[in-house]
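Below is one structure, written out as structure tokens, with a few remarks after it.
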2 protein chains.
Amino acid sequence: MAPRRDVIADDLRTQISTGRIKTGERLPSEAQLASHYAVSTPTLRSALAVLQGEGLVEKIHGKGNFVRHPLRRITYVGGGRTPLSQTATDPALRMTIRTAHIPARGHLAALLRVSKSSPLTEFLCLSHEGNSPHSLARIYVPRDLAPADGPSESPCREAILVRLTELRPPLAEVREQVSARCPTPEEAATLRISSALPVLAITRVAADTTGRVVEAALLVLPGDRADALFTHHTMTEEGEPE
Amino acid sequence: MAPRRDVIADDLRTQISTGRIKTGERLPSEAQLASHYAVSTPTLRSALAVLQGEGLVEKIHGKGNFVRHPLRRITYVGGGRTPLSQTATDPALRMTIRTAHIPARGHLAALLRVSKSSPLTEFLCLSHEGNSPHSLARIYVPRDLAPADGPSESPCREAILVRLTELRPPLAEVREQVSARCPTPEEAATLRISSALPVLAITRVAADTTGRVVEAALLVLPGDRADALFTHHTMTEEGEPE
DNA sequence: GAGTGGTCTAGACCACGAG
DNA sequence: TCGTGGTCTAGACCACTCA
């Protein structure tokens with residue numbers, strides 16, 4: 001005999017996938033659902049927790065439980081040609097970028113192989129589809145390689161990143177370390193995902209032909225709406241993939 | 001004011017990390033802990049759930065809650081040179097392999113680009129450190145490329161995989177699709193992880209110079225004990241990394 | 001202030017593991 | 001059989017959102 005929690009979760013999942021509860025719509029209140037299924041509130045809440053873990057439902061305190069928009073799955077393409085490869089593939093994504101000038105702190109200094117408190121430029125990129133945040137990227141470059149831009153708030157979309165790519169010297173090596181983990185509370189808040197939803201965390205370090213690190217990027221992609229793809233060509237004379 | 005759940009989780013986490021509760025040891029029973037912290041059992045259980053989500057504690061029904069051994073983090077190295085790159089780096093890992101002959105079903109047939117029910121050999125690899133499973137790999141190759149081995153149960157460790165690597169033609173392209181997700185119930189059971197712990201799921205497809213797919217692998221790496229590393233070299237004449 | 005989710009309680013009963 | 005965790009109840013009280 002299956003736990004009531006799972007029975008209820010299954011039922012709601014079916015109602016969502018068959019469209020009986022429409023996407024973006026609010027579910028009945030937890031109290032209503034609990035009495036409808038004749039269970040107590042904790043039981044009902046644990047059923048909802050299952051759906052949250054699957055990324056199907058989003059709870060908003062004081063407002064209710066909402067069916068999440070099934071977002072287009074994006075694919076991050078490894079190899080470091082562009083700062084956020086997915087923007088190239090999917091023009092429907094909007095992107096907001098915040099620029100800041102900061103000194104290299106402990107972890108970053110090590111990644112970029114620069115001395116502590118040496119000047120960096122940080123690009124905080126958040127891509128959206130509609131109102132739903134889609135991915136988060138923090139890109140750090142030594143300040144002398146960054147576009148000398150105006151103050152810290154620039155609305156000019158991807159132009160910055162394009163310029164960033166043009167400015168930097170040809171890359172010799174791109175290392176991407178990938179891990180699966182739960183988001184930090186801040187990441188969960190910015191991406192508006194449950195803190196139980198796995199994210200793909202990618203740390204990308206790109207070095208030029210002299211061995212100098214020209215970029216370090218910390219990427220966070222919600223597991224339910226993003227993959228990463230790495231293609232490795234052997235025996236090919238510099239065969240440009242894509 | 002922080003939730004009691006988090007206060008308790010913090011306290012237990014401290015006790016674990018300072019060694020006051022030793023690794024591998026059993027925690028006091030939930031009832032004892034609940035009365036010690038003066039909370040109800042559901043509250044205490046939700047505190048333990050936090051620690052399970054962090055991979056610090058493992059519950060075993062009917063036995064108790066145990067502090068997990070902090071396993072060596074392994075690194076999967078992309079590029080597809082060896083079937084499970086981490087074995088090369090870490091000789092302390094044991095590995096059990098089960099071989100089976102199966103027909104290509106829907107998903108696999110597509111991955112390997114073979115017709116349905118064409119013969120495949122499946123290698124089911126489970127790597128261990130001590131008693132703790134470390135990673136799970138299901139490797140599929142067309143049967144004519146597989147080592148013609150004996151019956152379905154062969155204990156001869158990595159020899160099979162080595163032979164597998166030697167047998168296959170030189171690779172031209174390796175595509176690795178990486179995603180972060182929660183494990184399926186079966187995966188959670190074999191890897192003995194909580195079903196809330198994120199895993200890194202890697203689908204690797206390797207093709208030879210003629211474009212024939214010679215291997216498809218489904219890798220599952222628990223997020224708390226494995227990363228993946230992809231290195232991309234540009235402008236280098238076939239510079240063999242590693 | 002009305003309605004929503006967030007947390008917590010004190011106890012019940014069931015299912016699993018080991019002796 | 002006994003001790004363990006697994007599930008569930010019927011409420012209580014607090015915190016957030018919005019009119």
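Chain A is the first sequence line, chain B the second, and so forth, proteins listed ahead of strands; every chain is numbered from 1.
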Would you classify A:A38 as touching base, sugar-phosphate or nothing, given that sugar-phosphate means primed atoms plus P, OP1 and OP2, and contacts are heavy atoms under 4.0 Å? sugar-phosphate
N or O in side chain of A:N65 less than 4.0 angstrom from C:dG5 OP1/OP2: yes
Round to the nearest Å and state the distance from A:L48 atom CG to C:dG6 atom C1'. 13 Å
Atom pairs and distances, side-chain donor-acceptor, residues 220-228 of chain A, under 3.5 Å, sequence neighbours left out:
{"residue": "A:D224", "atom": "OD2", "partner": "A:R68", "partner atom": "NH2", "Å": "2.2"}
{"residue": "A:R225", "atom": "NH1", "partner": "A:P133", "partner atom": "O", "Å": "2.3"}
{"residue": "A:D227", "atom": "OD1", "partner": "A:R73", "partner atom": "NE", "Å": "3.3"}
{"residue": "A:D227", "atom": "OD1", "partner": "A:R73", "partner atom": "NH2", "Å": "2.7"}
{"residue": "A:D227", "atom": "OD2", "partner": "A:R73", "partner atom": "NE", "Å": "3.0"}

Report the residues that fulfil side chain to side chain donor-acceptor pair (under 3.5 Å) with B:R4, sequence neighbours left out, ordered by chain and then residue number. none
Could you tell me how far apart B:R26 (CZ) and D:dT4 (P) are, to the nearest whole angstrom? 6 Å
Sub-4.5 Å side-chain heavy-atom contact between A:L111 and A:L218: yes
D:dC16 P sits how many Å from A:F66 CZ, rounded? 17 Å
Please list, in numerical order, the residues of residues 2-9 of chain B that have a heavy atom closer than 4.0 Å to any atom of DNA chain C. B:P3, B:R4, B:R5
Residues which pass side-chain contact (heavy atoms from CB on, under 4.5 Å) with A:S35, listed by chain and number, not counting sequence neighbours: none
The side chain to side chain donor-acceptor pair (under 3.5 Å) partners of A:R45 (sequence neighbours excluded) come to A:E30
Sugar-phosphate atoms are those with a prime plus P, OP1 and OP2; base atoms are the rest. Using that split, label each nucleotide of nucleotides 11-19 of chain C B, S or - for protein heavy atoms under 4.0 Å, 5' to 3'. B---BBSS-
Side chains of A:Y76 and A:E176: closer than 4.5 Å at any heavy-atom pair? yes
What is the distance, to the nearest angstrom, from the CG atom on A:L51 to the P atom on C:dG5? 14 Å
Nearest whole angstrom, please: distance from the C1' of C:dT9 to the OH of B:Y37. 19 Å
Taking B:T43 for the side chain and B:V39 for the main chain, is one N or O donor matched with an acceptor at less than 3.5 Å? no
Between B:K59 (NZ) and D:dG6 (C1'), how many Å, whole number? 8 Å
Between CG of B:L27 and P of D:dG5 the distance, given in whole Å, is 9 Å
A:S117 side chain to A:A104 backbone, donor-acceptor under 3.5 Å: no
Nucleotide D:dG5, atom P - distance to CD of B:Q32 in whole Å: 9 Å
Taking the side chain of A:S40 as heavy atoms from C-beta outward, which of C:dC8, D:dC8, D:dT4 is closest to it? D:dC8
Is the phosphate of D:dT7, meaning OP1 or OP2, less than 4.0 Å from a side-chain N or O of A:T43? no
B:H101 versus B:T121, side-chain donor and acceptor atoms under 3.5 Å: yes
